[in-house]
Amino acid sequence: NFLKSKKLKKNNFLLIISTLEPRKNIINTIRAYNNLSLDKNELPLVIVGTPGWKYDKILELINNSKGVIHLKNITDEDMNVLLYSQKFCIFNSFSEGFGLPIIESMYFSKPVITTNNSSMKEIGENYTILNDPNDIDGLTKKMSKLIEDDEFYNSYSIKSLKRSLDFSWDDCGKKTLDVYRAVSKN
């Protein structure tokens, strides 16, 4: 069992899926996690991603933070296990072109905390918990609320699943094909 091999339990870890680089804002996310008043061994923060550019400080903070687990080079099957088994997803990036981990987590009916900027706000507004990427204390409070308030957690689980239904690869393919057809007519 993949979870067991990583010493993880279902619905008992927080998840970040991201390349390790400054624009992904992993440092502020780890700082917010470090501020939580809980046993970090009971609710670890799992970061899945390979080092990108300027990752040294990020990796140093990961290695020096209790309860933070870094996984890289995992299979698609294991990624799905993590997505299905996480408590919630944190996608606290400074900017993104899209933000696929948001949709992937929503598909598994998992709440998402993301930032109130770029495409993430557009994807998540009214369906995710939005946060200013520079607001570490605000992020800590939002994580705490999801951990401690079952009603709040359940409402965002439902919202996530509902929003995920608006996205599909079939729909994306059809819309892309429509664009190509329209362009080729001109």
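For the pair Lys162 and Tyr127, the cation-pi test (distance below 6.0 Å, angle within 45°) is failed. Both cation-pi conditions hold for Lys87 and Tyr153: the charged atom is under 6.0 angstrom from the six-membered ring centre and inside a 45 degree cone around its axis.
Side chains of Gln86 and Val46 form no contact here, defined as non-hydrogen atoms less than 4.5 Å apart. By the 4.5 Å heavy-atom criterion applied to side chains, Thr128 and Met106 are counted as neighbours. A heavy-atom distance below 4.5 Å is not found between the side chains of Asn92 and Ile16. Annotation: side chain of Ile74 is not in contact with side chain of Val81 (no heavy-atom distance under 4.5 Å). Side-chain contact check for Asn34 versus Ile30: some heavy-atom pair is nearer than 4.5 Å.
Using a distance-only test at 3.5 Å, with no hydrogens or angles considered, a donor-acceptor pair links the side chain of Arg23 to the main chain of Ser95.
Under a cut-off of 6.0 angstrom, the local environment of CZ in Phe2 is crowded, with over 12 non-hydrogen atoms contributed by other residues, nucleotides or ligands.
Here the shortest heavy-atom pairing between Asn28 and Pro133 reads ND2-O, 3.2 Å.
Remark: Asp132 CG to Asp137 CG distance equals 11.5 Å, nearest 0.5 Å.
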Open item on the list: Does Phe13 form a side-chain contact (heavy atoms from CB on, under 4.5 Å) with Ile69? I'd like the steps, not just the answer.
Closed with: CA-CA 10 Å; Phe13 62 91; Ile69 299 167; over 6 Å; no
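Side-chain contact of Asn11 with Lys110: a donor-acceptor pair under 3.5 Å is present, judged by distance alone.
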